[in-house]
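Reviewing the structure listed below.
First the proteins, then the strands, lettered A, B, ... as listed; each starts at 1.
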Amino acid sequence: MAVRTEPRSFCSCIAPEATAHLITLLTQARLVRVNQTTEDIEPWIADSWTRSDDGLRYIIKLKPNVLFSDATPLTADDVVFSLAAAYDSASAIADSLKIGGKTLHATALGPLTVAIAFPSVFSPGLRVLDAMPILPKHKLEAAFASGRFAAALSVTTPVNDIVGLGPFVMTDYRPGERLVFTRNDRYFRTDERGTRLPYLDRIVVEIVPDQDAQVLKLEAGDVDMEASEIRPQDYAPLKRAADRGTLRIIDVGEAVDPDSLWINLRPAAFDRDPRRSWIQRDELRQAISAAVDRQSFADTVFLGAATPVYGPITPSNKKWYSEEVPRPAYDVTRAKRLLSEIGLVDRNHDGLVEDASGTPARFTLLTMKGQTALERGAYLISGELKKIGLTVDIATLEGNALIQKFVSGKNYDAVYFHLTTTSSDPVLNADFWSSTGDAHIWNPGQKSPSTVWERQIDELMARSASALDDTGRKTAFLEVQKIFAAHQPMVYFAAPRVFVAASTRLTNLTPGISRPQLLWAADTIAVRH
Amino acid sequence: MRQYIARRLAFSVLLVFVVSSVSLLLASVAPGDFVTESLGAVVSPETAARARVRYGLDQSVGEQYGRWLIRVARFDFGRSLVYDRPVADLVPERAANTALLALAALILSTVIGLPLGIFSGSRRGIVAAIVRGASVALVSMPPLLTSLVLVFLAARTGWLPIGGMRSSTADSTSVIDVLKHMIVPVVALALPIAATFERLQSQALADTVRQPFVAATLARGVSAQRVVWRDALKAALVPVASMYGLVVGSLLSGSFVVEMVTAWPGLGRLMLDGLRARDAYLVAGCAAAGTVFLALGTLVSDAAVAFVDPRSRQ
């Protein structure tokens with residue numbers, strides 16, 4: 001298979017990037033796993049668990065006779081160690097393992113029993129541990145104690161020293177070329193017939209930075225799969241290979257994290273700007289939403305392989321998506337009326353709207369250079385908004401510069417970008433929904449909610465986080481989505497369909513919607529002989 | 001001559017220092033930093049600040065540059081943030097791979113370009129016109145396009161490896177395997193350069209054969225072929241030889257895209273990784289290595305000019 005980038009670490013707990021994530025999936029295991037096809041949480045190296053009546057404590061029994069790849073038995077101490085290491089200063093998963101800013105605590109109650117205490121009731125429960133690999137205490141304890149935890153998992157560590165509970169062990173890493181994984185004969189899982197997993201003997205991960213070259217390799221049978229979904233423009237050539245019978249293209253469903261547009265809503269962002277009377281108003285975003293024909297957007301930007309969407313929760317997120325959330329219709333007349341409500345009217349009949357002082361309404365939309373869907377989408381939005389008299393200038397920036405721009409919150413009007421979600425469970429994406437969150441990207445890290453509707457969302461999210469029954473959570477989150485739809489701090493247009501391609505010699509694939517769509521269940525993939 | 005070489009070497013050292021310093025400073029002041037790139041768009045300010053302290057990015061650009069200068073004085077070029085390895089280890093490994101490509105491309109383009117240039121510069125007719133036309137087309141083709149077309153052909157025919165430096169199944173020390181993998185990137189790099197050489201050589205030879213000394217030699221009864229290959233060619237090699245230094249520079253810039261498309265683990269790809277991640281020490285190290293290539297190329301080019309044109313030695 002092929003990936004595009006070098007690993008930054010041998011563990012995603014240190015480097016939150018795709019290749020490190022892949023290495024971690026192949027070489028490590030977790031207490032529990034979120035099944036990417038059902039979105040349900042399932043025991044992994046945990047055998048079973050119970051929750052205390054107050055919802056604050058989980059007692060977890062570990063599977064017996066589980067061995068690390070170096071034959072050391074797994075014990076509760078490894079779980080305790082892994083949770084402590086997850087809060088190391090170099091850890092990339094520390095924030096995601098904090099509940100309301102407070103840490104979880106693990107205690108070993110026996111060789112194979114561990115208690116995990118939550119600082120407050122937390123409805124997703126053990127789902128929060130899906131990102132935490134259970135690491136070998138005997139290999140990493142000394143490095144952790146001496147503040148060298150990240151170094152012990154760095155890409156300069158000899159691959160033989162990377163010990164895990166995953167289905168594979170890394171046997172070779174050639175920077176710039178490839179990573180090689182071979183079967184972990186001590187892997188704990190068996191299939192229903194009792195055959196020890198994984199089925200594959202070896203996985204070679206080629207590092208191919210150019211995606212066009214990756215597609216050609218896939219088409220030619222040089223690699224069996226890509227680590228992630230195929231691009232819309234690659235569908236046609238890969239379909240030809242599929243028609244020849246060498247490849248299989250699998251439609252996994254709509255993406256769970258569609259591209260979105262937002263206006264800078266930080267209170268001080270337009271203090272000395274003559275546009276402050278209209279640019280942060282709800283009506284502007286509602287007008288943008290009404291002015292874009294989403295079906296045409298899906299057809300043009302994603303070459304038809306997309307579904308119109310109206311909010312951050314797409315139909316693929318089956319548990320949390322609701323048809324009850326309002327969907328603004330494509331209505332240019334309404335869009336113009338909304339603009340007139342905030343004083344933007346075509347005063348000189350030149351087809352463009354002006355504010356009360358006669359200045360044409362205009363803003364700059366930043367997007368990421370080199371991302372076809374984003375660039376195409378931004379230009380299409382600009383064209384659609386021209387029809388209601390709004391002038392939108394597109395500026396494309398290199399990824400790092402763009403992120404720095406909107407994270408700083410300074411000197412930007414609006415952004416069209418792809419923000420990835422960390423989980424399908426909204427409570428685990430609280431930093432997006434809550435006004436204090438860092439992913440509340442239109443106005444992040446607020447000390448107190450700056451609008452009434454954000455306060456309402458905060459309260460509902462808090463209720464959803466502490467409700468231990470699903471019905472209560474769903475009711476609260478439906479309200480959140482309705483409020484979000486009314487104010488549209490972020491405007492969504494279309495969710496692309498996710499297609500993954502794999503060689504027909506691979507069998508037993510269970511594609512999920514999130515990356516890596518095929519290798520999340522690498523232990524059950526097999527090769528047809 | 002010794003003084004001349006010493007002066008050129010001193011200039012090269014200064015050039016390497018200036019280019020790597022400017023690269024480091026530009027990579028440091030560019031918007032975004034390694035933390036933004038590696039931790040992504042949404043991370044708490046505290047986590048980002050902790051990471052910046054860990055990587056030394058909390059210091060001003062001036063302080064970072066000063067620290068780098070002190071290290072460089074001890075031949076320590078810093079540690080790459082992306083690869084978590086000393087730049088001094090990383091760059092030579094990749095530079096050697098790039099040098100392998102560049103040298104092979106240079107040899108191939110010379111072997112193809114110069115004879116074709118002599119042919120098209122000394123002959124008329126349909127074949128010479130085809131050579132000239134093909135060269136013009138190839139000169140205008142960027143290496144990105146050439147490499148994509150070649151990778152496409154390799155994928156379609158299955159005759160050559162599509163990318164990488166070694167097969168995952170082959171013995172890692174197999175020279176044949178590496179040579180097979182070199183064909184696509186080397187040809188992608190060499191074709192536009194061979195075309196450039198052909199055009200230069202053809203033009204220079206055409207100009208030279210119009211010189212009075214050629215007419216005089218022909219008038220003495222020396223055969224046209226002998227005049228072209230013995231007398232005119234030596235004079236016509238001067239402009240081509242003086243281009244070699246620049247060609248080495250263009251080989252490096254061409255190798256950036258070719259290495260990306262063909263997944264060749266060279267300096268260009270390394271530098272691009274460094275630039276994307278704002279890994280300033282790595283960028284500076286790659287820029288220094290690139291400048292060393294350029295300086296060496298210019299030196300070789302000057303030596304070649306001195307060889308074919310004795311007047312330039314004075």
field: Residues B:R276, A:E398: salt bridge by 4.0 Å N-O rule
entry: no
task: Could you check A:E17 against B:S38 for side-chain contact (heavy atoms from CB on, under 4.5 Å), going step by step and ending with a plain yes or no?
output: CA-CA 7 Å; A:E17 48 87 19; B:S38 56; over 6 Å; no
task: Heavy-atom distances under 4.5 Å only: say whether A:F406 touches chain B with side chain, backbone, both or neither.
output: side chain
Carboxylate-amine/guanidinium contact B:R94 A:E177, below 4.0 Å: no
message: Pair B:D33, A:Q404 - check side-chain contact (heavy atoms from CB on, under 4.5 Å), show working.
response: CA-CA 8 Å; B:D33 62 11; A:Q404 194 262 348; over 6 Å; no
field: Region of B:D273 that comes under 4.5 Å of a non-hydrogen atom in chain A
entry: side chain
message: Using heavy-atom distances under 4.5 Å, tell me whether A:L419 contacts chain B through its side chain, its backbone, both, or neither.
response: side chain
field: Region of A:A439 that comes under 4.5 Å of a non-hydrogen atom in chain B
entry: both
statement: So, the part of A:V208 with a heavy atom under 4.5 Å from chain B: the answer is both
query: Any donor and acceptor pair, going by atom type alone, linking the side chain of B:R269 with main-chain N or O of A:G176 inside 3.5 Å?
result: yes
- prompt: Can B:F152 and A:E219 be said to form a side-chain contact (heavy atoms from CB on, under 4.5 Å), step by step?
  reply: CA-CA 10 Å; B:F152 179 77; A:E219 212 183 329; 5.6 Å; no
task: Please step through side-chain contact (heavy atoms from CB on, under 4.5 Å) for the pair A:D212 and B:L148, ending with a clear verdict.
output: CA-CA 8 Å; A:D212 292 321; B:L148 274 174; 4.1 Å; yes
